[in-house]
Amino acid sequence: MKISELLQTKEITISCELFPPKKGSELQKAHELVQDMAKLKPAYISVTYGASGGISEHTVDMANEVQNVNGVTALAHLTCASSGRDKIHAVLGELKENKIENILALRGDIPEDLDFPLQNQYRYASELVKEIKEFGDFCIGGACYPEGHPEADSIEADIDHLKRKVEAGCEFLTTQMFFDNNILYNFLYRALKKGIQIPVIAGIMPVTNVNQIKRIISLSGTILPQRFRAIVERFADNPSALKQAGIAYATEQIIDLIANGVGHVHIYTMNKPDVAGAIMKNLSEIYIV
Ligand code: FAD
């Protein structure tokens with residue numbers, strides 16, 4: 001099913017993200033991971049593409065496993081920073097063959113060793129969106145950044161660029177993680193004012209260990225509210241308490257979003273079905289499959 005239709009027909013959707021294994025030898029473990037995640041009955045499962053802008057050999061396989069083996073709609077991520085048009089067209093062909101009809105079109109981070117952009121290749125995700133649209137019948141999503149993308153000159157300029165990406169053919173947007181819902185509400189207001197009217201899916205990251213938090217701060221510069229910092233400081237030396245608190249914090253964020261009319265939520269699961277499952281359980285009377 002196309003995600004655009006799903007978002008129209010359901011008032012509340014909870015979806016999950018998985019990342020594929022780096023090595024083929026880890027594929028067996030990935031099968032089990034997909035199975036465990038599918039049992040939670042998310043509205044769809046997204047599968048990331050590479051990391052830090054790199055390419056991925058297993059995204060299509062894993063999306064196929066999600067959708068054609070486990071019966072859950074798949075959203076395949078696709079980045080273009082490190083890929084030429086031939087590679088992109090080859091992946092689009094594979095997705096078509098596997099009847100994967102949803103793509104999250106991304107530029108990807110620019111690898112440090114890359115002479116970017118490759119000659120006559122993609123510079124921004126909007127160019128990829130346009131090309132996927134021309135390729136054929138895919139439902140295309142894009143990324144957005146409630147706190148602004150780190151490379152953007154200003155939040156205002158970032159929203160202008162986002163508008164262009166939407167006009168190129170995005171049918172929905174998924175946000176970067178955020179830990180203070182007011183940041184999202186503020187962003188939604190600004191996006192709407194700019195005339196961006198497609199559904200925005202709120203990306204929620206349950207933080208369950210201290211290293212994850214350090215990585216988040218160093219990579220994205222995401223604001224960590226005082227309430228959240230207090231939890232981390234209090235339970236830093238007690239992994240199971242921190243995990244429980246991280247699940248509770250994410251649950252609370254999601255309940256507040258839904259209560260305030262943001263019905264579509266995507267959980268960055270970090271390949272942890274137990275964490276996603278605990279959140280789903282907390283929402284069992286709110287998100288009815
Ligand atoms: P773009 O939309 O192209 O924006 C990149 C920057 O360029 C922004 O600062 C924007 O303001 C600016 N810009 C855009 N258009 C113009 C223009 N016309 N003129 C001037 N400036 C412009 N990375 C991965 O490697 N694999 C993944 O699977 C992956 N999944 C992600 C999923 C989500 C939901 C999110 C939020 C991010 C994901 N990322 C992933 C990270 C993402 O690839 C990086 O954040 C990347 O740096 C930007 O990608 P983008 O598609 O948002 O780029």
Side-chain angles (χ1 to χ4, degrees), residues 3 15-22 44-60 62-63 66 74-83 87-88 91 95 100 102-112 114 116-117 121-132 140-179 183-184 187 190-191 194 196 198-205 215-216 218-222 264-271:
I3 288 176
S15 50
C16 294
E17 178 184 277
L18 289 179
F19 46 85
K22 288 201 180 85
Y44 63 89
I45 295 177
S46 78
V47 183
T48 63
Y49 189 85
S52 309
I55 60 167
S56 170
E57 297 303 334
H58 301 299
T59 299
V60 178
M62 205 151 163
V66 165
L75 168 63
H77 293 204
L78 180 59
T79 68
C80 59
S82 310
S83 295
K87 171 72 184 168
I88 292 292
V91 178
L95 289 169
I100 310 293
N102 301 293
I103 300 179
L104 193 72
L106 301 142
R107 187 200 63 189
D109 291 322
I110 302 166
E112 276 172 19
L114 191 74
F116 183 81
Q121 302 297 358
Y122 312 91
R123 193 177 182 94
Y124 300 114
S126 54
E127 295 161 19
L128 177 64
V129 170
K130 194 165 164 276
E131 198 148 307
I132 299 173
I140 309 165
C144 64
Y145 303 82
E147 296 172 56
H149 184 265
E151 282 169 42
D153 289 340
S154 65
I155 285 194
E156 189 59 25
D158 201 33
I159 293 239
D160 282 339
H161 300 146
L162 182 62
K163 176 89 191 294
R164 253 179 260 162
K165 187 157 68 176
V166 171
E167 285 167 353
C170 281
E171 293 172 70
F172 65 93
L173 296 168
T174 306
T175 75
Q176 177 65 290
M177 72 187 90
F178 56 90
F179 297 98
I183 291 174
L184 180 82
F187 168 77
R190 284 181 285 112
K194 236 337 135 200
I196 296 173
I198 59 173
V200 176
I201 301 162
I204 294 295
M205 165 88 82
R215 221 174 27 248
I216 290 167
S218 69
L219 285 180
S220 64
T222 302
H264 303 301
V265 176
H266 193 58
I267 305 176
Y268 294 115
T269 69
M270 302 304 289
N271 282 7

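Counting starts at 1 for both ligands and their atoms, following the listed order. Please read these numbers as outputs of a predicted model, since none were measured by experiment.
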(request) Can you sort out which atoms of ligand 1 are near Gln176, meaning under 4.0 Å from one of its heavy atoms? (result)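 So the answer, numbered in order with elements, is 36 (C).
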Contact check, [X] vs ligand 1, heavy-atom distance below 4.0 Å:
X	result
Gly203	no
Tyr268	yes
Phe19	no

Looking only at distances, can you tell me whether any N or O atom of [X], backbone or side chain, sits closer than 3.5 Å to an N or O atom of ligand 1?
X	answer
His77	yes
Lys165	yes
His149	yes
Thr175	no
Leu104	no
Arg123	no
Cys144	no
His161	yes
Ser126	no

